[in-house]
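Below is one structure, written out as structure tokens; the observations come after it.
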There are 2 protein chains.
Amino acid sequence: MSIKYVILGFLSWRSLTGYELKQLFVESATLFWSGNSNQIYTPLAELHKEGLVSVEVQPQGTRPPRKVYSLTPKGWDMLKGWVLSQPEAPVQKNAFLLQLAWADQLAVEELDDLLQSYEERLQMQLLIFRELAQRQQAPQRTPRETFLWQSIERNWISFYESELYWTQSVRAQLNTEFREV
Amino acid sequence: MSIKYVILGFLSWRSLTGYELKQLFVESATLFWSGNSNQIYTPLAELHKEGLVSVEVQPQGTRPPRKVYSLTPKGWDMLKGWVLSQPEAPVQKNAFLLQLAWADQLAVEELDDLLQSYEERLQMQLLIFRELAQRQQAPQRTPRETFLWQSIERNWISFYESELYWTQSVRAQLNTEFREV
DNA sequence: GAGATCATGTAAGTTGTTACATGATTCG
DNA sequence: CGAATCATGTAACAACTTACATGATCTC
């Protein structure tokens, strides 16, 4: 459940309310989380019970009181421990590959159309992420942190570039070596 | 819920029991599914209720009866419809990127160690997938289908290669441009 | 005689999603 | 006067995971 760690991470910058956390989640598309309330308020309550964050409740009359969460020393330790933990191998979730696995039933043009629309989908994704990379402000705290955040953006871009390159080469091979007789 | 479609896909080759399906899931690591019973028997029952597969029950004395499932014409239509459906953009699930986002708290060597262990993890993953690509028998039905299955394997390999390349370049930059003062 | 294979299934838990609920205040 | 913003939360659902349950038969 890395979402808890990401919450700890944001709180390591500064104290935040659940509402503000939610916005950070939505803004940073590279995190790839919907940022729904359920995914913020429930884990926050748990983190509080575990003593990793502390709360300062600020009543404000009519509105629900602001609950400003802060990292406790225990929370800092937990965050650092997670950052240093053994990295897992990434996994891609690619439903298109499954479609392709049973695409031999398609006619030559149908298959090329399918690959083309995947290619276009990837081009679109690249546009989105390239634009995001320009817009998104990395936490401007140290040059190295800025570099790390930019590297993460570049990772997403190179993921889609690599996928695009693969698609184009599959298409090309299908059109040269597997033309109809 | 593309798992149902994958089941339809396997059944398009030949009639199969739940048990056999389970093995196919486990064998083909590119599908990336655990292939647990819950993920086979329940969807199969649903597919049957929806009229996409038919069952022939073969009692066999003491053991549970074999239930041999086959694609119905409706199931074929469903499968083809899914194969032709608008492809979605892939997504990577990469927890390491999240660790990296808060890795500026680390010392120079700690950060390099972290990247190195990610790099090693990727190397291992590449070994696994390259070996799998050699072992795994694509359905030997048409040359084009064989090509498609090999392309899927190459996709996974190039995914990890691209990730590895990115990691090495991040490491190199950190070691040249962000050395301690 | 222990463990793998055949063959079915269920139960409980995790992680995430979308949608629902409330209600004041501020902006165009 | 309608929509967005501030601010909390709950409920229901979806997809997938690990572990449990049963029991014969075949292999070492």
Side-chain angles (χ1 to χ4, degrees), chain A residues 1-8 10-11 15-29 31-50 53 55-69 82 88 90-95 98, chain B residues 1-8 10-11 15-29 31-50 53 55-69 82 88 90-95 98:
Chain A
M1 209 207 202
S2 53
I3 204 161
K4 279 193 185 178
Y5 295 108
V6 175
I7 291 177
L8 293 181
F10 279 129
L11 289 178
S15 301
L16 293 162
T17 66
Y19 188 82
E20 289 167 326
L21 271 166
K22 197 173 152 180
Q23 289 173 314
L24 287 171
F25 269 77
V26 173
E27 278 170 35
S28 81
L31 291 186
F32 247 96
W33 260 305
S34 64
N36 59 78
S37 328
N38 209 342
Q39 217 159 49
I40 303 288
Y41 292 109
T42 314
L44 261 178
E46 284 168 19
L47 288 170
H48 186 229
K49 212 160 68 184
E50 296 163 31
V53 300
V55 199
E56 195 206 338
V57 184
Q58 301 173 344
Q60 29 175 22
T62 57
R63 290 192 195 172
R66 298 183 83 223
K67 295 188 179 175
V68 184
Y69 290 90
W82 169 68
E88 290 291 311
V91 172
Q92 61 166 334
K93 264 191 60 181
N94 193 339
L98 299 178
Chain B
M1 207 210 202
S2 53
I3 204 160
K4 280 193 186 180
Y5 294 107
V6 176
I7 291 177
L8 293 181
F10 279 130
L11 290 178
S15 301
L16 293 163
T17 66
Y19 189 80
E20 289 168 326
L21 272 166
K22 197 174 151 179
Q23 288 173 314
L24 286 170
F25 269 77
V26 172
E27 278 169 36
S28 79
L31 292 185
F32 246 96
W33 260 305
S34 65
N36 60 76
S37 328
N38 210 341
Q39 216 159 47
I40 303 289
Y41 292 109
T42 315
L44 261 178
E46 284 168 21
L47 288 170
H48 185 228
K49 212 161 69 185
E50 294 163 32
V53 299
V55 197
E56 195 207 339
V57 183
Q58 301 175 346
Q60 30 174 22
T62 57
R63 288 193 196 168
R66 298 182 84 224
K67 296 189 179 174
V68 184
Y69 290 90
W82 168 67
E88 290 292 310
V91 171
Q92 62 166 330
K93 262 190 61 180
N94 194 341
L98 299 178

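Excluded from the calculations below are hydrogen atoms, water molecules and symmetry mates; all remaining heavy atoms, backbone and side chain alike, are included. Numbers restart at 1 for each chain; the letters A, B, ... are given by sequence-line order, proteins then strands.
With sequence neighbours excluded, no residue satisfies ring pair (Phe, Tyr, Trp, His ring centres under 6.0 Å) with Tyr19(B). Residues forming a salt bridge (Lys or Arg N to Asp or Glu O under 4.0 Å) with Glu88(A) (at least two apart in sequence, or on another chain): none. Scanning for salt bridge (Lys or Arg N to Asp or Glu O under 4.0 Å) contacts around Glu20(B) gives Arg66(B), with sequence neighbours left out. Legend: residues meeting side-chain contact (heavy atoms from CB on, under 4.5 Å) with Val55(B), ordered by chain and number and at least two apart, are His48(B), Val57(B), Lys67(B), Tyr69(B). Under the rule for a side-chain hydrogen bond (donor to acceptor under 3.5 Å, both in side chains), the partners of Gln92(B) that lie at least two apart in sequence or sit in another chain are Asn155(A), Asn94(B). Partners of Phe10(A) under the ring pair (Phe, Tyr, Trp, His ring centres under 6.0 Å) rule, at least two apart in sequence or in another chain, are Trp13(A), Phe25(A), Trp102(B).
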Enumerate all atom pairs, one protein N or O and one N or O from nucleotides 24-27 of chain C, separated by less than 3.5 Å.
unit_1, atom_1, unit_2, atom_2, d
dA24(C), O3', Thr62(A), OG1, 3.4

Report each atom pair, protein N/O against N/O of nucleotides 13-19 of chain C, whose distance is under 3.5 angstrom.
unit_1, atom_1, unit_2, atom_2, d
dT15(C), OP1, Met1(A), N, 3.2
dT17(C), OP1, Ser34(A), N, 3.3
dT17(C), OP2, Ser34(A), OG, 2.9
dT17(C), OP2, Asn36(A), ND2, 3.4
dT17(C), OP2, Gln39(A), OE1, 2.6
dT17(C), OP2, Gln39(A), NE2, 2.8
dT17(C), O4, Asn38(A), ND2, 3.0

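Scanning DNA chain D 5' to 3' for nucleotides with an atom closer than 4.0 angstrom to a non-hydrogen atom of chain B gives a first and last hit of dA15(D) to dT25(D).
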Identify every side-chain donor-acceptor pair in residues 1-8 of chain A under 3.5 Å, counting partners at least two apart or on other chains, and give the distances.
unit_1, atom_1, unit_2, atom_2, d
Lys4(A), NZ, Glu46(A), OE1, 2.9
Lys4(A), NZ, Glu50(A), OE2, 2.8

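Within the nucleic acid shown, Thr42(A) has no heavy atom closer than 4.0 Å to any nucleic acid atom.
Distance NZ/Lys93(A) to CZ/Phe32(B): 13.0 Å, rounded to 0.5 Å. Expressed to the nearest 0.5 Å, how far NZ of Lys22(A) lies from OG of Ser34(A) amounts to 9.5 Å.
Residues Gln39(A) and Gly35(A) approach most closely at OE1-N, 4.1 Å, considering heavy atoms. Taking each heavy atom of Val68(A) and Ser15(A) in turn, the nearest pair found is CG1-CB, 3.6 Å.
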Could you go through Leu24(A) and Leu16(A), starting from their C-alpha distance and side-chain angles, then the distance that decides it, and tell me whether this counts as side chain to side chain contact (heavy atoms under 4.5 Å, CB included)? CA-CA 10 Å; Leu24(A) 287 171; Leu16(A) 293 162; 3.7 Å; yes
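The nearest heavy atom of DNA chain C to Gln23(B) and to Lys67(B) marks one nucleotide each, and the one closer to the 5' end goes with Gln23(B).
Summary for the helix from dG1(C)-dC28(D) to dG28(C)-dC1(D): the axes at its two ends, each from 5 pairs, differ by 30° when rounded to the nearest 10 degrees.
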